[in-house]
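Below: the structure, in structure tokens.
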Protein chains: 2
Amino acid sequence: MRRTGLPPPISRLIDSLSKLPGIGEKSATRLAFHILKLPIQYAESLAKSITDVKSKVTLCPMCYSFTEEALCDICKDEERDDSIVCVVEEPVDLVAIERSGEFKGKYHVLHGVISPIDGIGPEELRIKELLSRLGGGRVKEVIAATNTNVEGEATALYLAKIIKPFGIEVSRIAHGIPVGGDIEYIDEITLSKALRDRKRI
Amino acid sequence: MRRTGLPPPISRLIDSLSKLPGIGEKSATRLAFHILKLPIQYAESLAKSITDVKSKVTLCPMCYSFTEEALCDICKDEERDDSIVCVVEEPVDLVAIERSGEFKGKYHVLHGVISPIDGIGPEELRIKELLSRLGGGRVKEVIAATNTNVEGEATALYLAKIIKPFGIEVSRIAHGIPVGGDIEYIDEITLSKALRDRKRI
């Protein structure tokens, strides 16, 4: 987009920034001018940190969260309880739960949620990878920590249905968190409570 | 900052993003995960647009706004009225005024405002550069379009005091914009009105 009074490089930066979620034209303009006034070192380190996440970060082949190494820190950690697996929709949900400090088991990231209206069925998610982990026999409980909206609840029920035949308990984080809310935005205390009050489904 | 469950490159990106104005830890986390899911081309173009603004953009030696070339587009534009100069605090204010479509003269960017409490006097701003432009004799009116807070008003009065001896009229954008507000956030219609209703000081 062409903007009067703005050199093309600034205009291009505003275009790029305004494609990010929650950043409109005015916020993008403010950010672009802020970046212009920053020391060159900071602007370069910001640019490098953006390309670095894309080039250095991959998915952990065990839990499918993000990792810089062969296995992620949580999967590698032998002090964490590998008899309990917390299943989340996205890596950002894992980060929110870690921030609560309540959970000391392992994770599994689905990378989405069952949503027929968007054409996403179980085969589009990391569910068969979860089942092959459960086949190992060490896991005694799976916590379905998907969001508490319709798709999240449906995915939790689907997980319960297919996991119970393994003889593994399936629980659901408690409805201490507001129905319809996104896990990543919940405060730590509510998340702790929701993890403690989980109930069998 | 070290964050449990996050590979260092993601943590570094969150650190960099959360230094930007208006972006806290949670927004930065959301943005970082969004960037991770973007196609590599977009992430690279975002990174490039950040380094480009720093390497390609300089200050116009006439009006001190940002430019990619020797002179900025507005200073080069011979169809704009060079007998009237609108003085703003920051380039972002120029962009806001251009968006209103009301002003067809030239600009001068001070890069700040007189603020004794922050140790910023007239000599820290582009005021002597403004005076040397006015010495040319073509300018008939200067509009003081600094913000309407205490420092902006004081700077406008200071400009009036030093510019009037040149025989040049000094006007102030009208108080149609809320007192204490920042020019860059005002809607186009109010800005148009404020420019039309400017009064002599």
Side-chain angles (χ1 to χ4, degrees), chain A residues 3-10 12-17 19-23 26-27 29-40 42-57 65-69 72-74 90-92 94-99 101 107 184-185, chain B residues 3-10 12-17 19-23 26-27 29-40 42-57 65-69 72-74 90-92 94-99 101 107 184-185:
Chain A
R3 293 173 183 86
T4 324
L6 275 187
I10 302 182
R12 282 195 299 267
L13 178 57
I14 295 172
D15 287 340
S16 293
L17 290 170
K19 281 180 199 143
L20 295 172
I23 297 185
K26 289 201 177 176
S27 306
T29 306
R30 187 165 178 74
L31 288 174
F33 280 98
H34 180 86
I35 290 169
L36 261 165
K37 295 214 156 191
L38 287 174
I40 179 88
Y42 171 75
E44 278 172 356
S45 101
L46 175 59
K48 188 170 181 301
S49 62
I50 290 169
T51 49
D52 273 4
V53 287
K54 292 299 293 181
S55 63
K56 293 189 180 167
V57 175
S65 181
F66 293 117
T67 180
E68 197 184 10
E69 296 166 63
C72 79
D73 285 351
I74 292 174
E90 300 290 348
V92 76
L94 179 160
V95 175
I97 292 175
E98 279 300 289
R99 222 185 277 135
Y107 289 95
E184 61 177 299
Y185 289 123
Chain B
R3 293 174 184 85
T4 324
L6 275 187
I10 302 182
R12 283 196 298 269
L13 179 57
I14 295 172
D15 287 340
S16 293
L17 291 170
K19 281 179 199 143
L20 295 171
I23 298 185
K26 289 199 177 178
S27 305
T29 305
R30 188 164 176 74
L31 288 174
F33 280 99
H34 181 85
I35 290 169
L36 260 164
K37 294 213 156 193
L38 287 173
I40 179 88
Y42 171 75
E44 278 172 357
S45 103
L46 175 59
K48 187 169 181 305
S49 62
I50 289 169
T51 49
D52 273 2
V53 287
K54 292 300 292 181
S55 63
K56 294 189 179 167
V57 175
S65 181
F66 292 117
T67 179
E68 196 184 12
E69 296 166 61
C72 79
D73 285 351
I74 293 174
E90 300 290 348
V92 75
L94 180 159
V95 175
I97 292 175
E98 279 299 290
R99 222 185 278 135
Y107 289 94
E184 61 175 300
Y185 290 122

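The model shown is predicted, which means the values in this text are computed figures rather than measured ones. Naming convention: chains lettered A, B, ... in sequence-line order (proteins, then strands); numbering from 1 in each chain.
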Measuring from atom [atom1] of [X] to atom [atom2] of [Y], what distance do you get when rounded to the nearest 0.5 angstrom?
X        : Y        : atom1 : atom2 : value
Leu36(B) : Phe66(A) : CG    : CZ    : 4.5 Å
Ile50(A) : Leu38(B) : CD1   : CG    : 9.5 Å
Asp52(A) : Ile10(B) : CG    : CD1   : 11.5 Å

With a 4.5 angstrom heavy-atom cut-off, which part of [X] approaches chain A: side chain, backbone, both or neither?
X        : answer
Ile23(B) : side chain
Glu69(B) : neither
Leu31(B) : side chain
Lys48(B) : neither

Using a cut-off of under 4.5 Å for heavy-atom pairs, which of Lys26(A), Lys54(A), Glu68(A) has the most such pairs with chain B? Lys54(A)
Picking from Ala47(A), Ser65(A), Gly22(A), which has the most non-hydrogen pairs under 4.5 angstrom with chain B? Ala47(A)
Ser16(B) meets the side chain to side chain contact (heavy atoms under 4.5 Å, CB included) criterion, sequence neighbours left out, with Tyr42(A), Ser45(A), Leu46(A), Ser49(A)
Of Arg30(B), Lys19(B), Arg99(B), the largest count of non-hydrogen pairs under 4.5 angstrom with chain A goes to Arg30(B)
Looking only at Ile35(B), Thr51(B), Ile74(B), most heavy-atom pairs under 4.5 Å shared with chain A are made by Ile35(B)
Could you pull out the closest heavy-atom pair between Lys37(A) and Glu90(B), with the gap in Å? NZ-OE1, 2.7 Å
Of all heavy-atom pairs between Val57(A) and Pro9(B), which one has the smallest distance, and what is that distance? CG2-CB, 3.8 Å
side-chain hydrogen bond (donor to acceptor under 3.5 Å, both in side chains) involving Glu44(B) - partner list, sequence neighbours excluded: none
Is it the backbone or the side chain of Glu98(A) that comes under 4.5 Å from a heavy atom of chain B, or both, or neither? side chain
